[in-house]
Structure formats: C-alpha cells, structure tokens
Amino acid sequence: MNEHFDIYLVGVGGQGILTIADIITLAAVDKGIDVNFFPTKGMAQRGGFVKAQLRLGREPGSYSPSISPGGSDLIVSMELSETLKAVRYGKPGADYVILGQRWQPTAVMLGKAPYPDVDQVIGEIRGAGGVVHYLDPGNMPGEMRGNLYTLGAICAHSKLSEFFSKEDLEKIIADRWKAVAQSNIETFRAGYSAPTRTA
Amino acid sequence: MKKLLSGNEALAYGALRAGVKVVSGYPGTPSSEVIASLLEMDLPGTFVEWSTNEKVGFEVAAGASMTGHRALCTMKMSGLNVCYDSLIGVAYSGCPGGLVVFVADDPGVSAGMCEQDTRGFAVMSDMPMLEPCSLQEIYDMTIIAFDLAEKIGGPVFLRLVTNNSQSHGTIEIEEKIKPADSAPMPPYDPAKYTKAGAAICMQQHRDLIERLELSERYIEEHGLNKLALGKKGGLGIVSVGITNGYTSEALDRLAAAGIDISDISTLRLIATVPYAKKKIDSLLENCSKVLIVEELEGYIEKFCYMEAYKNKFDVRFFGKEDGTFSRIGQYDALLVENGIRSALDMPRTDISLAEPPERLCAARPIGFCAGCPHRGTYMGLEKGLNACGYKKTDVFITGDIGCTILGSCPPFDILWTELSMGASIPFAHGVAYSGIPSPVIATIGDSTFFHAGVPGLVNALQHDINMLVVILDNGWTAMTGMQINPGTHQEFQKTNWKQLDIESLVRGIGVKHMWTVDPYDANAMAQATEQALKTEGLKVILARRECAIQAARRKVKYPQITFSPDSCVGCKKCINVTGCPAIELSGKIIAIDGMQCNNCGLCTGVCPTKALRAAG
Ligand SMILES: Cc1ncc(C[n+]2csc(CCOP(=O)(O)OP(=O)(O)O)c2C)c(N)n1
Ligand code: SF4
Ligand code: SF4
C-alpha cells in the first residue's frame with residue numbers, strides 16, 4: 001500500500017464535485033490520516049471550471065497543497081471536456097474515474113465551437129499512461145446525484161480503497177445527510193456497481 | 001482540541017486565541033473567510049466588521065491598536081494597494097497594541113487582478129511579514145504575529161497565498177481568550193502619532209528601522225527560521241513560506257529516485273522581511289552553490305547576491321536571475337525538484353506530454369447566472385443606445401470590479417476597461433475630457449461604489465462632466481461570495497449595523513439627473529438610458545434588484561414565465577441576446593432548465609413569437 005495518495009478532481013460549478021472531496025476529507029479525519037483539501041472554486045457564478053486537490057497520508061508540514069504535474073494517483077472528473085485539464089496531473093498508471101456528463105458552453109450549443117468526444121478524451125488519457133474507468137451518464141438513474149454516484153465508482157475502481165472501505169465511506173455519507181441517508185447510500189452503491197468502459 | 005479548518009479559518013482562530021479585540025477588513029478572494037467565519041460566531045467583547053474599503057478597515061484596526069488592544073485587518077493583495085498610505089504611516093509611528101495585517105497573495109492568479117508580490121510592501125515599509133506554510137503553522141504564526149507586533153511596538157504582516165489560505169485540514173487549536181472590555185486613555189503623544197515636522201518624521205524613521213532590527217532578533221530567539229547545514233562546499237537551498245513545503249516534497253522526490261540528498265544544506269525561512277542576515281550568511285559561507293526558491297519576485301535572491309558580494313563569498317546562485325525559476329505563476333514540487341537537479345548538474349525529470357490535452361477542451365467563458373439582474377441592465381443599456389442611434393461598439397463604457405464586469409463577456413461585449421475598485425468613474429471622466437466622438441458611460445457595482453466610487457462621483461459632479469454613471473445595485477458584495485455591504489437590506493445587517501441608501505446618497509451630494517430602475521424591466525432601463533443620453537451634464541442611473549443567487553437562497557419567488565414549444569421557431573434570439581444559462585437547445589427549439597430559471601422574465605422580452613411569455 002502507498003503511504004500517501006494524491007487526488008485531482010475537476011468539474012464545473014453546480015455539479016457537486018467538491019462534495020466528493022469533502023467526504024474523502026471527512027473519512028480521512030475519521031481514520032486519523034493526514035489530509036489537505038484544496039478547492040479552487042473560481043467566481044460566484046455557476047457553470048465555471050472547478051477543481052480540487054486532495055493529498056492524503058503525507059507527513060504534516062512537509063508538503064504544499066498543490067499536486068505537481070504527473071503526480072496524481074487518481075483523477076476524478078464529472079464533466080467530459082474538463083477531464084482534459086486534469087490529464088497533465090496524472091501519474092503514468094493513475095486511475096481516471098470519469099462521469100461523462102456534458103455541460104456545453106453556449107457557443108458549443110449553438111454549433112459555433114467544438115466539443116471533444118469520448119474517444120478523444122480516452123485517447124488523451126491513454127497517451128498519458130492513464131487507466132480509464134468511464135461511466136456513461138446514460139446509465140445513471142436521473143434522480144441520482146452524480147457526485148455520490150461517482151464516489152461509488154471511485155471506491156470500486158481505484159486504490160483509494162486501500163485507505164477507505166466501502167463501509168467507511170457509506171458511514172460518512174449517512175452521517176452527513178441523515179434525512180436522505182438511504183437514497184444517498186443507494187446512489188453510492190449504484191455507482192459502485194455501475195458498468196465502466198475502460199478503452 | 002483538533003478541528004477541521006481552512007487556512008483562513010485557522011488564522012481567525014489564531015486571532016481569537018491571541019485575544020483580538022477588533023477585526024476589520026474588506027472582502028477579496030482568497031482572504032474573505034477570516035471575517036466571514038468570525039461573523040458566524042458569538043464573540044462577546046470582540047468587534048468584527050466588513051469595512052467600506054481596505055483603507056477604512058486598516059484605520060479602524062489601527063485605532064484600536066493605539067489604545068493597546070489587539071487588532072487584525074484582512075484583505076487580498078489588491079487591498080494592500082488601497083490602504084498603503086495609512087499603513088506606512090502607522091508603520092512609522094508604531095502602535096502599542098498588537099496590530100496584525102493579513103494579506104493574501106494569489107500567485108498563479110486563480111481569482112483575477114494583478115499578480116503582485118506584496119512582500120515588496122513589507123520591504124518598503126520595513127514591516128516584518130510572517131509567511132506560514134502549513135495550516136498548523138498558520139494558526140501558530142498568527143498567535144506569534146500578535147506577540148511580535150506587541151514586542152516591537154509596530155504592525156506586523158501575515159501573508160498567505162491562495163494555496164494555503166484555501167486549504168482545509170485538521171489543526172490543533174486552543175480555547176479563545178476574551179479581550180478586555182475597556183482600555184485606559186492612550187498617552188497624548190503628537191511626536192509619535194502625527195507627522196508634524198521634519199524632526200518628528202525622521203525620528204519616526206529611526207524608530208521604524210530599530211523595530212525591524214528588534215523583530216530580526218525576535219525571530220532568531222524564537223527559532224522561527226530553520227538552518228540545517230550539510231556538507232561544506234555543497235548545495236544550499238533557501239525557501240520561504242509556501243515554498244518550504246514544495247522544497248521538502250522536492251527533496252523527498254529526489255530521495256525516492258535514489259539520489260543522495262544528505263549533503264544538501266537547507267534554510268527554511270518563516271519570513272522574507274526582516275532578511276535573515278545571520279543565517280543567510282552562514283549558508284552562503286558553507287555552500288558553493290545556492291538555490292533560492294521564492295514565488296513571484298526575487299527579494300531574498302537579491303539580498304543573497306548582496307551578502308555574497310559584501311562578504312566575498314564565492315557562491316554560484318540559482319534562481320530567477322539565471323533563469324532557473326520564473327517570476328510568474330505558482331510553483332510546485334516538480335519545478336523545485338528540477339531546480340535542484342539543474343544546480344546539481346543532473347538531468348531534469350521530464351513529464352511533458354506529446355501534445356497538451358487542453359487543446360481539445362471546450363472553452364468555458366464565464367457569464368451572468370440565470371436571473372442575474374446585471375443582465376437586464378446591460379440589455380436595457382444597449383437598447384437605449386440603439387434608440388439614440390448608436391451601436392454598442394460606438395460608445396465608450398468603462399467597467400469596474402465584481403460580477404458587473406461580466407458585461408465585458410459574450411453576448412454583451414459592452415465594457416472597455418476594468419482597472420481597480422472605483423476607477424470606472426474617474427477613468428470615464430478623463431475620457432470625457434478627451435473629445436472622442438462618443439458618449440461616455442461608467443458602470444459600477446454597489447459595493448464598489450461605496451468602496452471607492454463616491455470620491456470619483458463627487459469629482460465628476462464638481463467638474464460638471466457630461467457623462468452617465470450606471471450603478472448596478474444588487475444589494476450584496478456578490479462576486480466574492482455574498483458579503484454584506486452598506487447598501488445590503490437592513491434585514492441582513494448584523495446586530496446594530498445600519499443599511500444606507502445609495503439613492504439618497506447620490507441625490508444628497510447634489511446629482512440632479514437621476515433615474516432609479518428595475519433591471520428586470522429592460523425597457524425601463526432602455527428609456528432611462530435614452531433620456532440620460534439626451535440630457536447634458538452628469539447623470540446617474542441606479543439599476544436596483546437583488547442578486548439572483550442571494551434571492552434564491554432566501555426563497556424569493558417571481559411569477560412563473562411560460563414557454564409554449566409550439567410557438568418556438570428556433571430562432572435562438574433568446575440565447576443570443578440574454579446568454580442565460582437556463583436556456584438550452586432541445587432539437588430545433590429551446591427548452592428552459594427549471595432548476596436554474598428564476599423567472600426574471602428577461603428572455604420573454606426578446607422572443608419574437610411570444611413563445612416565451614411573462615406571467616399574467
Ligand atoms: C481593492 C480590491 N479589494 C477587493 C477586491 C475583491 N473584489 C472583487 S469583486 C468584488 C465585489 C464587488 O462587489 P459589487 O461592486 O457589489 O459588485 P457585484 O459583484 O455584487 O456585482 C470584490 C470585493 C478587489 N478586486 N480589489
Ligand atoms: S452572483 Fe449574483 S450578481 Fe453575480 S452573476 Fe450571479 S446573480 Fe449576478
Ligand atoms: S426567465 Fe428567461 S432569462 Fe430569466 S432566468 Fe429564466 S430563462 Fe433565464
């Protein structure tokens with residue numbers, strides 16, 4: 001097992017990507033693992049680029065919050081095109097858990113600007129030596145929250161499981177939103193067992 | 001007690017542990033959460049406020065410190081430019097109560113504005129500036145900063161960067177200490193607290209330099225700078241603040257790659273100013289090569305060159321002067337690792353990809369939220385210009401700081417400039433003198449107007465400038481995350497704070513031509529614009545409607561608009577004119593995203609077939 005683990009998360013404002021990082025942070029605190037969670041939210045508006053960097057299991061005081069290019073063990077993305085901004089930060093061999101939602105900017109919607117397709121994104125990741133776990137958003141039941149669904153897939157497909165078990169994360173999720181614990185756990189489990197495309 | 005906190009919250013808790021009496025400041029990413037978190041707490045005996053601007057905030061804190069209380073002032077780097085005149089004055093006078101000035105820099109520019117290095121201000125004002133790295137260090141150094149300020153009798157800077165101010169982790173904190181309820185009368189001492197006369201001013205300059213020397217001794221005695229000498233004649237590394245972490249990590253990476261790092265000497269500084277002269281000299285004497293790792297400007301590096309010259313040390317330096325590092329952007333461990341590698345004549349770690357993956361990424365320009373009142377202001381402004389026979393590109397319009405500047409983005413593309421808080425009005429005033437063939441218009445948000453817009457308006461009024469000022473009043477300091485400003489509705493003002501009314505203020509100083517409109521009524525905004533442009537002299541339009549995000553948070557509901565798909569001909573005019581993110585294309589026609597739409601109604605005014613209709 002790695003003693004430390006770095007995660008780079010990307011998405012757009014309004015998707016709840018920071019909640020994934022939040023839950024992993026709380027799970028780390030719960031287990032006494034050193035953690036640094038560094039979100040970059042941008043402005044007050046929705047729909048802008050959002051990223052977060054999580055560093056687990058390092059010696060307190062011996063590092064800074066930013067992950068170096070080529071340094072992440074795990075990349076998480078909830079927006080297909082934004083995935084491309086994270087590829088530079090993945091280690092060769094890093095896991096990429098991607099929920100392929102498309103938040104199209106207006107120019108793309110109007111057919112005035114291009115938007116990458118899944119094969120292009122996967123091609124870039126493989127070019128950087130990454131291991132792809134692509135979740136088709138079409139498989140996710142509409143009422144579910146994409147972030148907890150993605151977290152389930154992270155738990156199933158990445159080495160984060162060497163730090164936290166499925167039960168560890170479920171406990172945090174249940175404690176976090178008591179009123180909707182049941183449906184949130186179901187979402188997490190749906191993501192855990194969701195089919196993934198790897199090539 | 002252990003607590004999960006952000007860097008800014010750690011600083012807030014540190015100040016409470018230090019028994020802070022007054023905390024003042026003005027919002028600015030990445031510094032805002034210090035005051036934001038304190039305002040959520042019940043703090044008997046401590047006064048916490050959002051001040052009108054950073055200069056005012058600093059002066060409030062300095063006043064409290066003059067009576068012997070501890071005080072903290074917070075701001076982003078741009079704010080330091082605003083308050084610097086008063087700050088340097090207090091630095092020269094000194095102050096008895098611990099006065100700490102927290103400033104957050106943003107290397108790598110994640111929040112906009114100039115990528116400036118505020119350490120330069122510490123150099124200029126001879127003020128110590130502590131630069132903690134880890135979250136725990138932020139808490140600990142905040143407490144030390146108050147102690148240091150009191151020991152030297154002058155203000156002390158605490159400098160964070162986006163990286164650590166915005167990070168979250170667990171921190172060991174202790175109970176807060178309640179400040180004293182009162183203070184004795186401060187001594188009457190004009191020689192200290194005025195600048196009346198050369199003798200006084202030069203004595204203050206002498207005292208200032210002495211305080212910096214005292215702080216150097218304090219830092220030395222408390223062991224805040226850490227020197228670890230390695231092999232004589234080997235490589236030495238100097239790092240400071242946030243780069244201490246990058247350097248540790250870079251050394252770990254080298255060790256993991258099997259490289260022997262035991263010969264390397266390191267000097268980890270907690271502060272650039274005061275320069276750690278003794279320790280720097282020891283390092284330079286010990287090493288034949290020295291790498292200096294500091295983000296942005298090369299202040300320490302230049303000091304090292306000077307010390308080597310004075311002491312005739314034969315050292316080869318690696319840093320910005322020789323091109324190893326850049327003066328631009330944020331650093332990381334890989335960058336530092338490669339700096340060490342080049343100083344050791346080793347091959348660099350190359351992680352570059354064949355082609356940048358970002359080249360395929362869809363551009364994602366930011367724009368107004370669905371239902372943003374500013375959208376209606378700019379739509380109406382353009383319509384009014386058209387009614388006067390101008391295309392929007394024919395008219396010179398200055399922008400200002402905040403969400404209001406998004407009028408410079410598509411589909412509006414209507415603002416020519418963004419300079420600094422409040423500059424829109426005097427900037428336009430200057431252009432109005434120039435004789436360009438265009439009406440001149442300034443636009444400014446409510447918080448920005450209170451911050452530094454009022455003096456510019458007074459100036460334009462006094463000099464009878466023929467221009468239009470549009471104040472976009474959404475009731476909040478929105479872009480930085482919804483802070484309360486003087487115009488925020490009374491319901492949201494804290495305890496005994498009072499709401500001020502921009503309309504009365506503007507009329508009160510004597511503006512004769514003023515229109516107050518609801519920006520959700522783009523036609524009213526257009527009419528006001530048309531009338532204003534046909535009127536000589538200084539005109540003000542106040543476009544007033546609450547920020548959509550804040551209104552939604554408190555569950556304000558507007559009457560529902562209707563969309564009839566059968567009438568939609570797919571002309572996309574609603575999308576092209578409003579740029580509202582709640583309008584999507586669904587096949588050949590549009591669809592409204594009910595999760596985002598707040599029924600502001602602006603799109604209904606542009607739909608040629610009435611497929612989109614206002615309520616009622
Ligand atoms: C001197 C200075 N202080 C603080 C900031 C940070 N800042 C950026 S936008 C903004 C909010 C402006 O609020 P307002 O004028 O009300 O416009 P809104 O965002 O609400 O539309 C602030 C405080 C800055 N850029 N410069
Ligand atoms: S945060 Fe408020 S003021 Fe800013 S763009 Fe959104 S709705 Fe407009
Ligand atoms: S009414 Fe129209 S312009 Fe206003 S938020 Fe809804 S879709 Fe956007």
Report task. Could you please spell out the steps behind the side-chain contact (heavy atoms from CB on, under 4.5 Å) verdict for B:Arg359 and A:Glu124? Result -> CA-CA 11 Å; B:Arg359 75 190 186 287; A:Glu124 293 297 311; 2.9 Å; yes

Less than 4.5 Å to any heavy atom of chain A: does that hold for the side chain of [X], its backbone, both, or neither?
X	value
B:Leu334	both
B:Cys361	both
B:Glu137	neither
B:Glu355	backbone
B:Leu353	side chain
B:Ala363	backbone
B:Pro356	both

Portion of [X] that has a non-hydrogen atom of chain B nearer than 4.5 angstrom:
X	answer
A:Pro69	both
A:Leu26	side chain
A:Ala113	neither

Report task. Quick one: which of B:Ser167, B:Ser248, B:Gly169, B:Ser134 has the most heavy-atom pairs under 4.5 Å with chain A, could you say? Result ->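 Max contact count across the listed options: B:Ser167.
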
Report task. Flag the pair A:Pro39 / B:His168 as yes when at least one side-chain heavy-atom distance between them is below 4.5 Å, and no otherwise. Result ->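 A:Pro39 vs B:His168: side chains touch.
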
Requested in this report: Please tell me if the side chains of A:Arg88 and B:Glu358 come closer than 4.5 Å, counting only heavy atoms from C-beta onward.
Outcome: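 Contact flag for A:Arg88/B:Glu358 side chains = yes.
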
Query raised in the report: Any side-chain donor paired with an acceptor under 3.5 Å for A:Ser66 and B:Asn163?
Result: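 Yes - a donor-acceptor pair under 3.5 Å links their side chains.
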
Nearest-0.5 Å distance, [atom1] of residue [X] to [atom2] of residue [Y]:
X	Y	atom1	atom2	result
B:Asn164	A:Asn36	CG	CG	9.0 Å
A:His4	B:Asp252	NE2	CG	7.0 Å
B:Leu135	A:Phe37	CG	CZ	12.0 Å
B:Leu585	A:Gln104	CG	CD	9.0 Å
B:Asn576	A:Lys112	CG	NZ	5.0 Å
A:Asp117	B:Leu360	CG	CG	9.0 Å

Query raised in the report: Does NZ belonging to A:Lys31 count more than 12 external heavy atoms closer than 6.0 Å?
Result: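 It does: A:Lys31 NZ has more than 12 such atoms within range.
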
Query raised in the report: Counting only heavy atoms not in B:Arg341, do more than 12 sit closer than 6.0 Å to its CZ atom?
Result: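 Above 12, so yes.
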
Write down the atom of [X], the atom of [Y], and the distance for their closest heavy-atom approach.
X	Y	value
A:Ser64	B:Gly245	OG-CA, 3.3 Å
B:Arg364	A:Trp103	NH1-O, 2.7 Å
A:Ser68	B:Ala333	OG-N, 3.2 Å

Query raised in the report: Step by step, would you call A:Thr40 with B:Thr162 a side-chain contact (heavy atoms from CB on, under 4.5 Å)?
Result: CA-CA 9 Å; A:Thr40 311; B:Thr162 304; 5.8 Å; no

What option among [options] has the most heavy-atom pairs under 4.5 Å with chain B?
options	answer
A:Arg55, A:Gln120, A:Glu82	A:Glu82
A:Leu110, A:Val121, A:Val108	A:Leu110
A:Ser62, A:Pro116, A:Ala21, A:Gly127	A:Ser62

Query raised in the report: So, the side chain of A:Ser81 versus the backbone of B:Ala362: is there a donor-acceptor pair under 3.5 Å, distance only?
Result: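 Looks like yes, one N/O pair under 3.5 Å.
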
